[in-house]
Amino acid sequence: MKLDSHFNLDHTLSCGQIFRWAKANGWWYGIVEGNILKVRQDGDELLYTAYPEYVAEDFIKRYFRLDDDLSNILRRINKDVEINNAIQQFNGLRIVRQSVWSCLISYVCATNASIAVIENMLRNLSEKFGDEIIVNGKAFFSFPKVKKLAKASVNEIKQCKVGYRAQYLSEIAKQVENNPNLLEELRKSDYIELRDELRSLPGVGPKVADCVSLFAFDKLEAFPIDVWIRRVIYQIRGAGIPRTKDGTEKPLTVSEYTELSSFARRHYGLFAGYAQEYLFYYIRSKDR
DNA sequence: GTCAGACCTATGCG
DNA sequence: ACGCATAGGTCTG
C-alpha cells in the first residue's frame, strides 16, 4: 500500500501505546481483531500480509489512523521545546486505534507495572483464554473474548500473573457480559462524560480512563498522565515535582492529576493526546 | 474533599 | 550476588 502522508511504523509500534506487537526479521507481527498481521515499511510503501485471510486496506488505514492529518496535528501541538524535540525525533508516530475491550483490559493490567511485565500479563491472558491460530507452524493467540474471561474464576485469571488485577478483570468482564452494550454505548458521550463513566469500572482510575478514551474512543484531547509525563509537564512549566522529605517523588494525587491534565489540554489543545504520546516516547528514550 | 498505605509481580538497580 | 525499590495507578480506610 502506498502511503500518502507521513507515517513511521517503528515509532508507532515501539512507543509503548500497544503491547502485543513484536518485530522479527524486519517484519512486525501483531494480532488485531483475530487477524494476524505481518507488516513492514519501506519508505512510502506499507507492506502487509494477513492470516488466515486477506484484510482490506481500509482496515489497516483505520488501525494505524492513516486518516489523521498528522502534519496539521503536529503543527498545532508544537507549543514548547520538549514537544518540538519529540516531534523532530519521532515524526511519523501515530496513535493506534485499538478496540475498546482489549484496550480497557490492557490498561487495567498496565497499572503499577513495567512494560515488560505488562507484555507478559497480556501474553499469558491470550495464551490461556484467547483462540489459537497457527501460521506456518507458529502459534498466535488472539486477545481473550469477553465471555471467556467472564466465565473464568479469579484464581484462573491470577495464573496469568496479573496479581491483584485479576479481581478487576473478572469484574469488568462480568459487567460487560451482562450488558454487552455497556462499552459501545459510551461512544455517544463526549470526552468528559466518557472519562467519568469509564472511571466507574473497577481498576479504572483517571489514568486508565484517559488511555481508553484516547486509544479506543478517538478522544484525541485526552492526556493520560503517568510518572514520566508528570516529570515532563513540570519541566515544561519550569517547576519541580512535589517531593517528600527524603527527596523521593510524592505519589500523584487525583487532584494533581486533574490539574495537570487540564493544563495539558489548554496548552496543547484538541490533539493533546498526540502530544502525550510523542512526549512519552521521547522522555523514555532519553532516559536510557 | 484529601491523604497515606497496601498491593501482585518481574525487572533492574545498588 | 541478592535484597530492595520501582513500574504507563487504584482502592481502601
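Treat the numbers as computed from the prediction; the structure is a model and nothing was measured. Within every chain, numbering begins at 1; the chains are lettered A, B, ... in the order of the sequence lines, protein sequences first and strands thereafter. Reckoned from all heavy atoms, side chains included, excluding hydrogens, waters and symmetry mates.
- For the pair A:Glu256 CD and B:dC3 P, the computed distance is 10 Å after rounding to whole Å.
- Across all strands shown, C:dG8 forms no Watson-Crick or G-U wobble pair with both distances under 3.5 Å.
- We find that NZ of A:Lys250 is positioned 13 Å from P of B:dG5, with the value rounded to whole Å.
- Nucleotide C:dG13 has B:dC3 as its partner under the Watson-Crick or G-U criteria, with both atom distances under 3.5 Å.
- Atoms CZ (A:Arg123) and P (B:dA10) sit 12 Å apart, rounded to a whole Å.
- Residue-level contact check: A:Val254 touches neither bases nor backbone, having no heavy atom under 4.0 Å from any strand.
- Per the geometry, CZ belonging to A:Arg165 stands 9 Å off P belonging to B:dC8, to the nearest Å.
- When each of B:dC8, C:dG8, B:dT9 is scored by its nearest atom to the side-chain atoms of A:Val117, the top-ranked nucleotide is B:dT9.
- Listed nucleotides: B:dA10, C:dG8, B:dC3. Nearest to the side chain of A:Ser255: B:dC3.
- In this structure, A:Gly16 reaches the bases: a heavy-atom distance under 4.0 Å links it to at least one base atom across the strands shown.
- Rounded to whole Å, the C1' atom of C:dC4 lies 16 Å from the corresponding atom of B:dC8.
- Using atom C1' as the reference point in both C:dG8 and B:dC3, the two lie 23 Å apart (nearest Å).
- Residues A:Thr248 and A:Pro202 each lie close to DNA chain C; by heavy-atom proximity, the contact nearer the 5' end of the strand is made by A:Thr248.
- In this structure, A:Lys161 reaches the sugar-phosphate backbone alone: every heavy-atom distance under 4.0 Å involves primed, P, OP1 or OP2 atoms, never a base.
- At a threshold of 4.0 angstrom between heavy atoms, the contacts of A:Pro206 are confined to the sugar-phosphate backbone, with no base atom among them.
- The distance between atom CG of A:Leu122 and atom P of C:dA7, rounded to the nearest whole Å, is 19 Å.
- Because its NZ or CZ atom is both nearer than 6.0 Å to the ring centre of A:Phe140 and within 45° of the ring axis, A:Lys138 counts as a cation-pi partner of that residue.
- The side chain of A:Thr111 lies closest to C:dT10, out of B:dC3, C:dG8, C:dT10.
- As judged by a 4.0 angstrom heavy-atom cut-off over every strand, A:Val208 is placed among residues touching the sugar-phosphate backbone only.
- Side-chain proximity of A:Arg284 to B:dC3, C:dG8, C:dA7: nearest is C:dG8.
- Closest to the side chain of A:Asn120, out of B:dA10, B:dC7, C:dG8, is B:dA10.
- Ring-base stacking between A:Trp228 and C:dG8 is not satisfied when judged by a centre separation under 5.5 Å and a plane angle under 30°.
- Checking B:dT11, C:dG9, B:dC3 against every side-chain atom of A:Lys207, the shortest atom distance belongs to C:dG9.
- Two rings, from A:Phe19 and A:Tyr107, have their centers less than 6.0 Å apart.
- Residue-level contact check: A:Tyr168 touches the backbone only, with heavy atoms under 4.0 Å from sugar-phosphate atoms and none from bases.
- If you check every strand for non-hydrogen atoms under 4.0 Å, A:Glu277 touches a base.
- The interatomic distance linking A:Asn112 (CG) with C:dT6 (C1') rounds to 8 Å, in whole Å.
- Ring geometry for A:Phe64 against A:Trp21 counts as tilted: the plane angle lies between 30° and 60°, on a 0 to 90° scale.
- A gap of 15 Å separates the C1' atoms of C:dA5 and B:dA6, to the nearest Å.
- Side-chain rings of A:Tyr281 and A:Phe90 approach one another, their centers coming within less than 6.0 Å.
- Across the protein-nucleic acid pair, A:Ile118 atom CD1 and C:dG8 atom C1' stand 6 Å apart, rounded to whole Å.
- The salt bridge (charged side-chain N to carboxylate O under 4.0 Å, His left out) test applied to A:Arg20 returns no partner, not counting sequence neighbours.
- Taking every side-chain heavy atom of A:Arg231 into account, C:dA7 is the closest of C:dA7, C:dG8, C:dT10.
- If you check every strand for non-hydrogen atoms under 4.0 Å, A:Leu214 touches nothing.
- In the hydrophobic cluster analysis, where Ile, Leu, Val, Met, Phe, Trp and Tyr join through side-chain heavy atoms closer than 4.5 angstrom, A:Leu201 is grouped together with A:Met121.
- When distances run from any side-chain atom of A:Ala116 to the nucleotides C:dG8, B:dT11, B:dC8, the shortest one goes to B:dT11.
- B:dA10 and C:dC11 are spaced 23 Å apart, taking the P atom of each and rounding to whole Å.
- If you check distances only, the side chain of A:Tyr257 never reaches the base of C:dG9 with a donor-acceptor pair under 3.5 Å.
- The cationic group of A:Arg195 lies under 6.0 Å from the six-membered ring centre of A:Tyr191 and within 45° of the ring axis, placing it in a cation-pi geometry.
- The OH atom of A:Tyr164 sits 13 Å away from the C1' atom of B:dG5 (whole-angstrom rounding).
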